[in-house]
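Worksheet: one structure, shown below.
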Amino acid sequence: VPVTTVLQAPATGKLVPISDVDDATFAQKLLGDGYAVEPTNGEIVAPVSGEVSSIFPTKHALGIKTASGLEILLHMGINTVEMNGEPFDLHVESGDQIAAGTAVATVDLAMIKAADKATTMMVVMTNMDQVHDFQLNQTQTVTAGEIVGAAE
């Protein structure tokens, strides 16, 4: 029996399908399907409950693995790897067990914009072979931690 994983907004702002993201790698779903939020503030929360499986050295992305084995990549901003972690203040460490909606990072959106980069917060399911069905709510304004869809 497939396990349904509830997916939450990683930030407050406008919810968009991953295909609308201004980056071909994400928009073409090369890393997996998912969704994104164009944030209005820099408080970023976990979109799912699970274990922090990886944190990129440049702090712009982290992996979360759910109890059912779904692997989620939370990618903060587009091309922000080039910023060497400066806009990102992470509140979690690799190996932490976290609940959906838990604050994982505070991001300096102004610093990202000043570097002429997008602040889009992307949530990608990187092991799509494990996903039978993915439903995303209609594009709308969401609050960090709000349920925006489900995967099973």
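Looking at Val81 and Asn79, their side chains never come closer than 4.5 Å, going by heavy atoms from C-beta outward. At a threshold of 4.5 Å between non-hydrogen side-chain atoms, the residues Val107 and Asp89 do not count as touching. Side-chain contact between Ile64 and Glu51: absent, with no pair of heavy atoms (C-beta onward) separated by less than 4.5 Å. Contact annotation: the side chain of Val123 approaches that of Pro47 to within less than 4.5 Å [non-hydrogen atoms, C-beta and beyond]. Residues Lys113 and Thr119 meet the side-chain proximity criterion, which asks for heavy atoms closer than 4.5 Å. At a threshold of 4.5 Å between non-hydrogen side-chain atoms, the residues Pro39 and Leu109 count as touching. For the pair Val16 and Val37, the minimum side-chain heavy-atom distance is 4.5 Å or more.
Contact record, Ala103 with His91: O-CB, 3.8 Å, taken as the closest heavy-atom pair. Heavy-atom minimum distance, Glu93 versus Asp96: N-OD2, 2.8 Å. Considering all non-hydrogen atoms of both residues, Gln138 and Leu15 come closest at O-CD2, 3.8 Å.
Atom CD of Glu71 and atom OG1 of Thr126 lie 5.0 Å apart (nearest 0.5 Å). For the atom pair Thr66 OG1 and Met125 CE, the distance stands at 11.0 Å (nearest 0.5 Å). Residue Met76 holds its CE atom at 9.0 Å from OG1 of Thr58, rounded to the nearest 0.5 Å. One distance of note links CG of Leu62 with CZ of Phe56; it measures 8.5 Å at 0.5 Å rounding. The CZ atom of Phe134 lies 12.5 Å from the CD atom of Glu152; values are rounded to the nearest 0.5 Å. For the atom pair CG of Leu70 and CE of Met128, the computed distance is 9.0 Å after rounding to the nearest 0.5 Å.
A donor-acceptor pair is defined here as one N or O able to donate and one able to accept, closer than 3.5 Å; such a pair exists between the side chain of Ser53 and the backbone of Gly63. Thr12 contributes a side-chain N or O that, together with a main-chain N or O of Ala144, makes up a donor-acceptor pair within less than 3.5 Å. Without hydrogens or angle criteria, Asp108 side chain to Met111 main chain gives a donor-acceptor distance under 3.5 Å. Distance alone, capped at 3.5 Å, places no donor-acceptor pair between the Asp20 side chain and the Pro17 backbone. Formation of a donor-acceptor pair under 3.5 Å by the Thr102 side chain with backbone atoms of Ile98 is not found in this model. At least one donor-acceptor pair closer than 3.5 Å links the side chain of Ser49 to the backbone N or O of Ala100. Without hydrogens or angle criteria, Tyr35 side chain to Val124 main chain gives no donor-acceptor distance under 3.5 Å.
Note on ring orientation: taking the six-membered ring where Trp is involved, the planes of His60 and Phe88 are tilted (angle from 30° to 60°).
The number of heavy atoms from other shown groups lying within 6.0 Å of CG (Asn127) is above 12. Environment of NZ in Lys117: crowded, with over 12 heavy atoms of neighbouring residues, nucleotides or ligands closer than 6.0 Å.
Gln135 and Asp133 are linked by a side-chain donor-acceptor pair at a separation below 3.5 angstrom, with hydrogens and angles left out of the test.
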Query raised in the report: Passes side-chain contact (heavy atoms from CB on, under 4.5 Å), Gln8 versus Val45? Steps please.
Result: CA-CA 9 Å; Gln8 297 185 4; Val45 304; 5.6 Å; no
**Report entry** Test side-chain contact (heavy atoms from CB on, under 4.5 Å) applied to Val104 and Leu74, step by step
**Finding:** CA-CA 10 Å; Val104 294; Leu74 173 60; 3.8 Å; yes
Requested in this report: Mind running side-chain contact (heavy atoms from CB on, under 4.5 Å) on Thr80 and Ile112 for me, showing each step along the way?
Outcome: CA-CA 7 Å; Thr80 45; Ile112 295 174; 3.9 Å; yes
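Listed by chain and residue number, nothing satisfies the salt bridge (charged side-chain N to carboxylate O under 4.0 Å, His left out) test with Lys59 (two or more places apart in sequence, or in another chain).
Note: the hydrophobic cluster containing Val48 does not contain Leu31 (ILVMFWY, side chain heavy atoms under 4.5 Å, direct or indirect links).
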